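Worksheet: one structure, shown below.
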Amino acid sequence: MNTFEVFKLFPITIESAKGLELTDSEGKKYLDLYGGHGVISIGHCQEDYVKAITAQLSKIGFYSNSVHIPLQEELAVKLQKLSGYSDYKLFLVNSGAEANENALKLASFYTNRSKVISFHGAFFGRTSLAVAVTDNPAIQAPINKTDKVLWANLNDIESVKKVIDSDVAAVIVEGIQGVGGVQIASDEFLKQLRELCTQNGTMLIIDEIQCGYGRSGKFFSHQYSGVKADIITMAKGIANGFPVGAVMIDPNIPAKFGMLGTTFGGNHLGCAAAIATADVMAKYNYVDNAAKMGAYLMGKLKGHKAIKDLRGRGLMVGIETVADAAEIRNRLLFDEHIFTGFSGGVNTIRLIPPLCITEKEIDRFVEAFDKVTK
Ligand SMILES: Cc1ncc(COP(=O)(O)O)c(C=O)c1O
């Protein structure tokens, strides 16, 4: 049987990795400034992480949510500490789309309303509701299309006011749009959104799947604005590559047995991976490192002749180039052996590296970028 070919692949097979270094099947080394799509937060094959997962696997890897799994509570406490959202509740799933799917359902259950406001340029995943609030008709099947989603413009509160009504359960917004090309939801906009949602009895859902977990230089990117979301979704960096997603829920939203559920979510191995990731994040202060290294990188790139616009916070950086970004990205990969991300719609190279990156690795990228844009 062949695989179902939905991914456009680079002709590269990665066989091993350590920190930010990837090694392919021919022994070629690459610098990873893409982190497997923003997933690798503490570096590939980090020692403590490998040890913790291995130890857990030799005890028990999986049992379902029909029994008490204390690792879930341990993880909840660690996430509370890292995020500062001390009284929120945690619901664990397996991916970003699933986290958003559950967040939207929860908002609808709680408010007993049926509509949601999303933003142009947004990406929330590919399950039914998540793709319905994603601004890309090409990835919505006819069954996903709905008139329950209302659209507004990021950083334009008037466009939200125009569509909000008493049947809007939630506004869902990325703290920083990732696939959309690193577009920051401004602090002012998030404050206005918070106020509007509160006035209207609407849940504010902030997707921190790509921009969260320390990447922005704060644990959640929306924490620059000082607002609190009613529901926050996480995935990607939370378990450094083990598939874990999470929904953090305001304690005023009551849980009812059976309202949400999952077979794999919150399993022993996933929790052990997420706990080890949280421990390493805290031990090495990677949130601070993201802030420092992000500022260092932005400082090096600022004013570069090949750059049309430079956007980002911490280690989520969008480089909109003057020349074709796809071509520059290919040259970075094939000539300079550096993996980067890409947002085609806005001609932008996206850097979402592991949060343990050093100045030396950033210098190597900047040199390579100079070279391929000469
Ligand atoms: C902001 C955002 N939300 C949701 C998702 C979906 O996550 P997953 O692919 O784990 O379902 C992504 C994936 O890229 C994302 O960037």
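Whatever order the structure lists ligands and atoms in, that order sets their numbers, starting from 1. We use all heavy atoms of the structure for the numbers below, so side chains are in, but hydrogens, waters and symmetry mates are not. Small disclaimer: the values here were computed from a predicted structure and weren't measured.
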Point to revise | Result of checking Phe339, Phe334, Phe10, Phe365 against Tyr30 for ring pair (Phe, Tyr, Trp, His ring centres under 6.0 Å) | key: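 That would be Phe339.
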Point to revise | Contact residues of ligand 1 (heavy atom under 4.0 Å), by chain and number | key: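 Close residues (ligand 1, cut-off 4.0 Å): His37, Ser95, Gly96, Ala97, Asn100, Phe123, Phe124, Gly125, Glu174, Asp207, Ile209, Gln210, Lys236.
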Flag for [Y]-[X]: side-chain donor and acceptor within less than 3.5 Å:
| X | Y | value |
| --- | --- | --- |
| Asp279 | Tyr284 | no |
| Thr277 | Asn240 | no |
| Ser225 | Lys191 | no |
| Arg311 | Thr348 | yes |

Review point. What is the ring orientation for Phe220 with His222, classed by angle as parallel under 30°, tilted 30 to 60°, or perpendicular over 60°?
Key: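 Correct class here is parallel.
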